[in-house]
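Here is how names work: the chains are called A, B, and so on, in the same order as the sequence lines, proteins then strands, and each is numbered from 1. Quick caveat, the model's predicted, so the values are computed rather than measured.
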Amino acid sequence: MTAYTDIESHLSALLGYALREAVPEAGAVTVDIERPREASHGDYACSIAMKLSRSLRCNPRQLAQKILAALPPSPMIARSEIAGAGFINLHLHPLAWQQLVPHILALGEQYGHHDSGGGQSVLVEFVSANPTGPLHVGHGRGAAYGASLSNLLAISGFRVFREYYVNDAGRQMDILALSTWLRYLEHCGEPSVFPANAYQGDYVRQMAQAIHLQHGDRYRHSSQALLEHAPAYADAPDGHLDHLIVAAKQTLGDNYSYFHRFALNEQLADCRQDLHEFGVSFDEWFSEQSLYDNGTVQRTLDVLEANGQLYEQDGARWFRSTRYGDEKDRVVQRENGLFTYFASDIAYHLNKLERGFDWLIDIWGADHHGYIPRVKGAMEAMGRNPDQLTIALVQFAVLYRNGQKAAMSTRSGEFVTLRELRQEVGNDAARFFYVLRKSDQHLDFDLDLAKSRSNDNPVYYIQYAHARICRVLEQWGGDPTSLDEADISQLTSPSELDLLRQLAGYPATIRTAARELSPHLVAYALKDIAAALHAYYNAEQFLIEDTSLRDARLALIQATRVVLRNGLTLLGISCPEQM
RNA sequence: GCCCCGGUAGCUCAGUGGAUAGAGCAUUCCCCUCCUAAGGGAAGGGUCACACGUUCGAUUCGUGUCCGGGGCACCA
């Protein structure tokens, strides 16, 4: 067996050589090749002659002819021709495809890996949902996308660090702590003063119940007393809520932090468990509060202040984000002295850079897109390079059941949780459906389709291809490592060459998907590979008398299995050996 | 009003500066004495929203228009 030749770089090098020989005046041009969709146009095509014809002032077909005449012979090229307006079409020798089988078997899980990242470090921050309740299906999409993208970058030569930003410092956490305490008071028998804009979900009642079970009436106070001097809810819902928070802090004293901490830990643990079951893990759960505790927020504002980026107006401190293309300046410190979320977010991004990452990726819900100019502006205002930050927006996912939109609203507690979705359709289908769409596009998630154990379901379609291969190899019963020596020159049937071409395209798909931050391309490639495998399965028999041909075919499906497994694993989907 | 995202087959959506634009579902037809039919094969189905521009070449890039969806806090 001769060494493996990477076809695309081989052809591109040959054409580049021919171009320099035939048309030296063209200078140093990289010669791109493409896969024509029309089979009669060959396996690869090159349009360099048309691209250069204008600057060289010559006929593109003649130019192509000159390049072709200078093309060195290659065992990989069966024939070449000029077609259309000046395309050079290359038809490959089957060897070009066949050699892929031992190559894939040798590389195994490394097949598809590449090094375009060059060892750069990248921090991918995703999910980062407020720990104020269960994750819902919207977070699920960010989780699936972020996890798959991280995997994609990790096999593309990047050192990937996965991080979840925990918003444990803000008003939302206070609302959760308050909500928990108010439910606790109800448990103690106090009349309910629970406002409609506090967290309504059942999980709050459960936390309250757990606290009551453990501590009895220890934290009981008069609920009615909390309402004294409170603005009427109808007049000022937020003012009413804020008053209750202040009253809770005063009434509970040091015990307030118990509720705050309890609720935070409880929700965070739940979130972590949920994501863990979903196959999504993080290297770091980064606390927003820590940025206050260690002075990063203050230091950040000092830097901005020193750079002349802040000013005072109406009692608040503002950042001049309009200098950097934002629509209006933004408050970083309120009239009441409290910092805004934006202030700690600037500090967070500064912190990320100070940790030495070459590249930052933030995955946000698309509703935050208006937030981009101010964050990038803040980086610039601190003398940092905003291009080090890439923000990937993930659009909303809408669930459909029986063709009907499934209702979902946030605060009221009427939402479908990620956990419910996983239980209903399974982790594999959920992971797959989430990344089947481009992340920046709205996703209609068809629950009935995701649940169906039928040929309609693309997850099962791919997994079934994997399971079929496993069954064949199992029934054969031989040692798979012996297939490395199979005589792959016998793989010449149309369905075999189709399958080989699909497998050959996988590394390029990975490369493109990584460059475009688009794991959905991997999902589509897997569908194509599975389709080619199923077609092959129906066209040819594997377990046949002719052991030489049999081994060649088994080697091919074993290689297919490797690629399917690599792709499914990347997307966080299991590879069942039987179904 | 401003800013994002979209408009491709009946439906849900891929896709690409190239030569005849794809897949699944749905519709019609065919294939298990054979390694899992959760499979395969075939047919029909299109003004790639519209106009203008850039280009040897535009569904792809740019501008404008129309139509959807989302966002525009001293919330996070």
Stretch residues 501-515 of chain A: residues that reach within less than 4.0 Å of RNA chain B through a heavy atom: none
Taken in chain and number order and not counting sequence neighbours, the residues that satisfy side chain to side chain contact (heavy atoms under 4.5 Å, CB included) with A:Arg79 are A:Glu81, A:His91
Can you list everything that forms a side chain to side chain contact (heavy atoms under 4.5 Å, CB included) with A:Ala143? Sequence neighbours excluded, please. A:Val127, A:Leu275, A:Phe278, A:Val280
Among the nucleotides B:A38, B:A21, B:C5, whichever has the atom closest to the side chain of A:Arg37 is B:A21
Which pairs, protein N/O on one side and nucleotides 68-74 of chain B N/O on the other, fall under 3.5 Å?
{"residue": "B:C72", "atom": "O2'", "partner": "A:Glu327", "partner atom": "OE1", "Å": "3.1"}
{"residue": "B:C74", "atom": "OP2", "partner": "A:Lys328", "partner atom": "NZ", "Å": "3.2"}
{"residue": "B:C74", "atom": "O2", "partner": "A:Glu335", "partner atom": "N", "Å": "3.1"}
{"residue": "B:C74", "atom": "N4", "partner": "A:Asp314", "partner atom": "O", "Å": "3.4"}

Flag as yes if A:Phe542 stacks onto the base of B:C35 (centroids under 5.5 Å, planes under 30°), otherwise no. yes
N/O donor-acceptor pairs under 3.5 Å from side chains in residues 360-375 of chain A, not counting sequence neighbours:
{"residue": "A:Asp362", "atom": "OD1", "partner": "A:Lys352", "partner atom": "NZ", "Å": "2.9"}
{"residue": "A:Asp362", "atom": "OD2", "partner": "A:His349", "partner atom": "NE2", "Å": "2.5"}
{"residue": "A:Tyr371", "atom": "OH", "partner": "A:Asp345", "partner atom": "OD2", "Å": "3.4"}

Return each pair, listed once, that meets salt bridge (Lys or Arg N to Asp or Glu O under 4.0 Å) where at least one residue sits in residues 528-551 of chain A; pairs must be two or more places apart or across chains. A:Glu540-A:Arg553
Rounded to whole Å, please give me the gap between CG in A:Asp168 and P in B:A76. 13 Å
Measure from OH on A:Tyr537 to C1' on B:A37 and round the result to the nearest Å. 10 Å
With A:Glu577 as reference, evaluate A:Arg468, A:Arg471, A:Arg561 under the salt bridge (Lys or Arg N to Asp or Glu O under 4.0 Å) test and give the passing residue. A:Arg561
Can you name the residues that form a side chain to side chain contact (heavy atoms under 4.5 Å, CB included) with A:Glu335, not counting sequence neighbours? none
Contacts under 3.5 angstrom, residues 514-523 of chain A side chains, donor-acceptor by atom type, not counting sequence neighbours:
{"residue": "A:Ser518", "atom": "OG", "partner": "A:Glu516", "partner atom": "O", "Å": "2.8"}

Output a table of nitrogen or oxygen pairs between the protein and nucleotides 44-47 of chain B separated by less than 3.5 Å.
none

Among B:A19, B:C4, B:U36, which nucleotide sits nearest the side chain of A:Phe87? B:A19
Please identify each residue that fulfils side chain to side chain contact (heavy atoms under 4.5 Å, CB included) with A:Val562, with sequence neighbours left out. A:Ile104, A:Arg565, A:Asn566
My understanding is that only residues two or more places apart in sequence, or in another chain, count here; which of them pass ring pair (Phe, Tyr, Trp, His ring centres under 6.0 Å) with A:Phe433? A:Phe445
Closest approach to the side chain of A:Tyr461, judged atom by atom: which nucleotide of B:C5, B:U36, B:G40 is it? B:G40
Side chain of A:Arg468 only, heavy atoms from C-beta on: which candidate in B:G15, B:A37, B:C4 is closest? B:A37
Could you list the residues that satisfy ring pair (Phe, Tyr, Trp, His ring centres under 6.0 Å) with A:Tyr44, not counting sequence neighbours? none
